[in-house]
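In what follows, residues are counted from 1 in the order of the sequence shown.
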Amino acid sequence: MAETLRRVLNLGTSARSGEEDTAEAGPPLLLLGGPGSGKTALLFAAALEAAGEGRGPVLFLTRRPLQSLPRGTGAALDPLRLQEVRLRTLWAGFPWKDCLRYLKIRFQYPPSTHELLQLLCSAHEARGPAPSLLLLDGLEEYLVEDQGPQDAAYLAALLLDTAAHFSHQTGPGQGCGLIVALQTQEEGVSGDALQVSLLQRYFPAQCWLQAETPGPGQHRLRACLDPGGLGPRREWCVAFRPNGEMTITPWPTQAGNLSLDKGSSSGGQP
């Protein structure tokens, strides 16, 4: 699903840069970053991007409702799609099946690992059009309850299986993409590197978010996208202003390499 995230980070400039967009889902992507690194904002922007492709709806899974809508994602913030999301927040008390045919972005809030597993296992029973994109924010919150690596592997495999089921429903040439955000811990935290290393086996494409020295009144990150062998590694600068507005620009030089080691003790984090 690196293609959708690439379009978000390119802010609609891919056509001018000579890169071709594709409707295919692509390999599942793991979004890695520390606390407050903008993972939710990028997931939300990816949801908006996918919702505007004219395919199926987007399913956004997170443990807690979003407290505010991330701002400033450039061309991805189409007014109609934003209105749909605002309506969904107003209708949060209604069963999601009642809103299915009206909305392109559907939010589900499984409060525990058990409820998340139930939701994924019952995906084949859901009525309506199959999602074109499945997003999970805060995977670490569902793994903290189960300490064994086999539990992380099982959840990752179930997410892949659910996306594959949706892909089968959407038909040839379409597919359902999968993006999962995981919060990485400080270097040296026991078990974090092993957990990330295991998850990377299931997610060939990865995007790392690394904190940079911020400018005045800004929180700045370096985003590195590795599409899993389907293209070159790319880098961007993601900045957040005090009002929450997000701006994205190409990293000044693409020649420099991030010191990103998928097997590092920081769990793949730069």
Side-chain angles (χ1 to χ4, degrees), residues 1-2 4-5 25-35 37 39-40 42-44 46-47 50 57-66 96 105-126 130-170 175-185 189-209 226 228 262-269:
M1 210 56 234
T4 296
L5 193 59
L29 183 139
L30 185 63
L31 180 61
L32 297 160
S37 59
K39 298 182 296 299
T40 298
L42 285 180
L43 282 184
F44 185 80
V58 175
L59 181 57
F60 196 117
L61 305 178
T62 181
R63 192 161 188 168
R64 300 176 184 84
L66 299 181
W96 67 271
I105 301 178
R106 311 195 315 250
F107 288 91
Q108 287 281 275
Y109 308 108
S112 68
T113 305
H114 177 70
E115 278 77 8
L116 175 61
L117 294 177
Q118 281 192 323
L119 188 153
L120 296 175
C121 290
S122 62
H124 65 283
E125 300 175 354
S132 62
L133 178 61
L134 173 60
L135 302 169
L136 175 61
D137 190 18
L139 175 61
E140 73 285 345
E141 295 193 42
Y142 294 105
L143 296 178
V144 70
E145 301 173 10
D146 301 304
Q147 301 299 325
Q150 69 277 5
D151 298 302
Y154 176 72
L155 181 52
L158 189 55
L159 285 164
L160 293 176
D161 185 69
T162 302
H165 170 74
F166 289 145
S167 295
H168 178 74
Q169 287 186 310
T170 57
C176 174
L178 173 63
I179 304 179
V180 173
L182 175 71
Q183 178 175 299
T184 53
Q185 305 298 324
V189 174
S190 176
D192 186 57
L194 176 61
Q195 187 179 83
V196 172
S197 178
L198 184 150
L199 289 170
Q200 286 171 333
R201 301 178 185 177
Y202 292 87
F203 295 87
Q206 286 127 39
C207 181
W208 295 268
L209 298 176
D226 184 345
K262 296 182 180 180
S264 67
S265 59
S266 59
Q269 189 178 357

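- Taking CZ of F203 as the reference point, atom CG of L182 lies at 9.0 Å (rounded to 0.5 Å).
- Taking the six-membered ring where tryptophan is involved, the planes of F44 and F107 are essentially parallel, since the angle between them stays under 30° and well short of 60°.
- Using a 4.5 Å heavy-atom threshold, the side chains of L116 and L155 count as touching.
- Considering only heavy atoms from C-beta on, Q118 stays 4.5 Å or farther from P110 through its side chain.
- Residues Y142 and L136 meet the side-chain proximity criterion, which asks for heavy atoms closer than 4.5 Å.
- Taken from CZ in R63 to OG1 in T113, the straight-line distance is 6.0 Å, to the nearest 0.5 Å.
- To the nearest 0.5 Å, atoms CG (L119) and CG (L59) are separated by 7.0 Å.
- Minimum heavy-atom separation, L158 to C121: CD2-SG, 3.8 Å.
- Residues A46 and I179 approach most closely at CB-CD1, 4.2 Å, considering heavy atoms.
- S132 and A50 get closest at one heavy-atom pair: OG-O, 4.4 Å.
- Here the side chains of Y154 and L117 are in contact, with some heavy-atom distance below 4.5 Å.
- Taking the side-chain hydrogen bond (donor to acceptor under 3.5 Å, both in side chains) definition, one finds that T162 meets it with nothing, sequence neighbours left out.
- Listed by chain and number, the residues in a side-chain contact (heavy atoms from CB on, under 4.5 Å) with A181 are L31, K39, L43, D137 (sequence neighbours excluded).
- When every heavy atom of L178 is checked against every heavy atom of A163, the shortest pair comes out as CB-CB, 4.1 Å.
- Annotation: the span from Q195 atom CD to D151 atom CG amounts to 10.0 Å, rounded to 0.5 Å.
- Looking at heavy atoms from C-beta onward, C207 lies in side-chain contact with L29 at the 4.5 angstrom threshold.
- Using a 4.5 Å cut-off on side-chain heavy atoms (C-beta onward), L199 and L139 make contact.
- Residue E140 comes nearest to Q183 through the heavy atom pair OE1-N, 2.8 Å, listed as atom of the first residue, atom of the second, then distance.
- Remark: L160 CG to Y202 OH distance equals 8.0 Å, nearest 0.5 Å.
- Listed here is the closest heavy atom pair of A205 and P27: CB-CG, 4.2 Å.
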Show, in sequence, the C-alpha distance, side-chain angles and deciding distance for H165 and L120, and conclude whether the side chain to side chain contact (heavy atoms under 4.5 Å, CB included) test is met. CA-CA 10 Å; H165 170 74; L120 296 175; over 6 Å; no
